[in-house]
Amino acid sequence: MAFINKHDLLKKGLQAERFKFRIGEIATMTGASTRQLRYWESKGIISPIKREGDEARVYNHETYIKVSMIKHFLDEGNSLKVAVQQTKELEKIWRTVHDVISVGVQGIGILDGEEVVDFGYFDEDHKQRLYAKRDDKQGIKYIVKDVADN
DNA sequence: TTTCTTACA
DNA sequence: TGTAAGTA
């Protein structure tokens, strides 16, 4: 069973924390204008993780998600103030989702000839592991397999 | 080409 | 917020 461990997975750059975007990219990805992004920054709603010298703003993955949510609520007809408030509530949920996936995915590899994602131990005794694979009809199929079988 | 700040609509 | 101007 040739599994790629978490370390290698991270080295491949699959962690969202490593993604960085410039203002124009955030704008095209979210639909928000660069003007809005700079305005929101002046209001303390968002902030770039850094500035390339004294030039371009650089945003992280978290900000991309946040901007996407604000834009979403704005498009629903909410005021900026309301959109930001609704976003704050959703951010908690998003962090949980992200963390669970980030910590949960232990590795990737081949199981019984098929590509699967290793989600780590399934039980308290660490005798079984949970795997998941893509299933065209049902979306995702989960597999619980005894560690001894590997 | 992209981003930046400033300023006016 | 959009847009124009003049830069870096």
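Lettering of chains follows the sequences in order, A, B, ..., and the numbering in each one begins at 1. Computed from a prediction, not measured in an experiment: that's the story for all the values here.
A distance-only check finds a donor-acceptor pair linking the side chain of A/Asn78 to the backbone of A/Phe73 [under 3.5 Å]. Side-chain atoms of A/Glu62 never come within 3.5 Å of backbone atoms of A/Tyr59 as a donor-acceptor pair (strictly under, hydrogens ignored). For A/Gln36 (side chain) and A/Ser33 (main-chain N/O), a donor-acceptor pair under 3.5 Å exists by modelled atom type.
Remark: A/Arg129 qualifies as a cation-pi partner of A/Tyr121 under the 6.0 Å distance and 45° angle criteria applied to the six-membered ring.
The separation between A/Arg38 atom CZ and B/dT5 atom P is 7 Å, rounded to whole Å. Summarising the geometry, the separation between CD on A/Glu41 and C1' on B/dC4 is reported as 11 Å, rounded to the nearest angstrom. Following rounding to the nearest Å, A/Leu37 (CG) and B/dT5 (C1') show an atom-to-atom distance of 16 Å.
Of the N and O atoms on the side chains of A/Asp99 and A/Ser102, not one donor lies less than 3.5 Å from an acceptor on the other residue.
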**OP:** If a protein heavy atom is under 4.0 Å from the base, mark B; if only from the sugar-phosphate, S; if neither, -; do that for nucleotides 1-8 of chain C going 5' to 3'.
**Re:** BBB----S

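Classification of A/Glu114 and A/Arg134 as a salt-bridged pair fails, no side-chain N sitting under 4.0 Å from a carboxylate O.
Within 6.0 Å of CD in A/Glu115 there are 12 or fewer heavy atoms belonging to other residues, nucleotides or ligands.
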**OP:** Would you sketch DNA chain B in dot-bracket for me? Only Watson-Crick or G-U wobble pairs with both distances under 3.5 Å count, crossing pairs as [ ], other-strand pairs as |, the rest as dots.
**Re:** .|.||||||

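Between A/Arg22 and B/dT2 there is no side-chain polar atom (N or O) within less than 4.0 angstrom of OP1 or OP2.
Scanning all heavy atoms of the two residues, the minimum distance from A/Val116 to A/Ile110 falls at CG2-C, 4.5 Å.
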